[in-house]
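All values below were derived from every heavy atom in this structure, side-chain atoms included, with hydrogens, water molecules and symmetry-related copies excluded. Values in this document were obtained by computation on a predicted structure and should not be read as measured data.
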Amino acid sequence: MKNLFIQRFLVSTLIIIFGIIRMILDTSVSFNFGYIFVFLGGILLLYSTISYITSRKNKSLEKELSKEYDERDALIDGKVARFSLHIVICEILILMFLTNFVAIPTNTALFVFLVSLIISEIGSRKYYNLVL
């Protein structure tokens with residue numbers, strides 16, 4: 001299984017920094033989305049830390065089964081990518097349909113798109129890890 005701790009840590013740190021900058025610079029009266037970015041970055045940081053700690057415990061077993069895991073991970077990555085692509089297509093079609101009737105700000109649409117992609121990727125990866 002591939003160790004993604006460094007990548008996840010950097011992405012979560014970047015999201016948290018982006019959220020903090022947004023909280024500081026956004027002086028509008030409406031809801032500040034910086035809090036959501038900081039919250040999502042914190043969740044990703046917590047998830048990556050827990051994942052890294054649990055993966056260190058199974059290091060010896062992981063080395064024995066690494067070849068089998070590589071083939072399995074490639075299969076899971078392919079299935080997750082295919083599932084995510086279907087979700088993206090459906091979401092784009094729904095957003096295109098909704099923009100005919102409702103004016104959706106670009107930032108909101110991209111945020112919804114990004115969050116749904118993260119959730120679908122994590123959910124489908126967990127599902128295929130259990131099934132395969």
For this session: Compare all side-chain heavy atoms of Asn129 with those of Arg125 and state whether any distance is below 4.5 angstrom.
Result: yes
Exercise. Which heavy-atom pair separates Leu95 from Ala109 by the least distance, and what is that distance?
Worked result: CD1-O, 4.3 Å
Problem set entry | CG on Leu44 to CD1 on Ile118, rounded to 0.5 Å | 7.0 Å
Seminar exercise, completed: Shortest non-hydrogen pair, Ser124 vs Val80, comes out as OG-CG1, 3.5 Å
Exercise. CD1 of Ile21 to CG of Asp26: how many Å apart, nearest 0.5 Å?
Worked result: 13.0 Å
Exercise. What distance do Thr99 atom OG1 and Ile94 atom CD1 have between them, rounded to the nearest 0.5 Å?
Worked result: 12.0 Å
For this session: Assert yes or no for the condition that the ring centre distance of Tyr127 to Phe83 is strictly below 6.0 Å.
Result: no
Exercise. Within the side chain of Thr13, is there an N or O that forms a donor-acceptor pair under 3.5 Å with the backbone of Phe9?
Worked result: yes
Problem set entry | Plane angle bin for Tyr35 and Phe31 - parallel if under 30°, tilted between 30 and 60°, otherwise perpendicular | tilted
Exercise. Step by step, would you call Met96 with Ile92 a side chain to side chain contact (heavy atoms under 4.5 Å, CB included)?
Worked result: CA-CA 6 Å; Met96 287 173 62; Ile92 287 174; 3.7 Å; yes
Exercise. Is any side-chain heavy atom of Phe113 closer than 4.5 Å to a side-chain heavy atom of Val88?
Worked result: yes
For this session: Working to the nearest 0.5 Å, report the span between OG of Ser12 and CG of Leu46.
Result: 10.0 Å
For this session: Report yes if the side chains of Phe111 and Ile36 come closer than 4.5 Å at any heavy-atom pair, otherwise no.
Result: yes
Exercise. Phe33, Phe18: one ILVMFWY side-chain cluster at the under-4.5 Å cut-off?
Worked result: yes
Exercise. Taking the side chain from Ser51 and the backbone from Tyr47, do they hold a donor-acceptor pair closer than 3.5 Å?
Worked result: no
Seminar exercise, completed: Residues Ile20 and Val38: closest non-hydrogen pair is N-CG2, 3.7 Å
For this session: Consider only side-chain heavy atoms of I, L, V, M, F, W and Y, link residues closer than 4.5 Å, and tell whether Ile104 and Phe97 are in one cluster.
Result: yes
Problem set entry | Inter-residue atom distance Arg82.CZ - Asp77.CG, 0.5 Å rounding | 15.0 Å
For this session: Could you tell me whether the side chain of Arg22 and the main chain of Phe37 form a donor-acceptor pair under 3.5 Å?
Result: no
For this session: Starting at CG of Leu117, measure out to CG of Leu85 and round the result to the nearest 0.5 Å.
Result: 10.0 Å
For this session: Indicate whether the side chain of Ser84 and that of Glu121 have a donor and an acceptor atom separated by less than 3.5 Å.
Result: no
Problem set entry | Criterion side chain to side chain contact (heavy atoms under 4.5 Å, CB included) on Arg8 and Thr49, from CA distance to verdict | CA-CA 9 Å; Arg8 288 179 183 161; Thr49 304; over 6 Å; no
For this session: Kindly work out whether a path of hydrophobic side-chain contacts (I/L/V/M/F/W/Y, heavy atoms less than 4.5 Å apart) joins Val11 to Leu40.
Result: yes
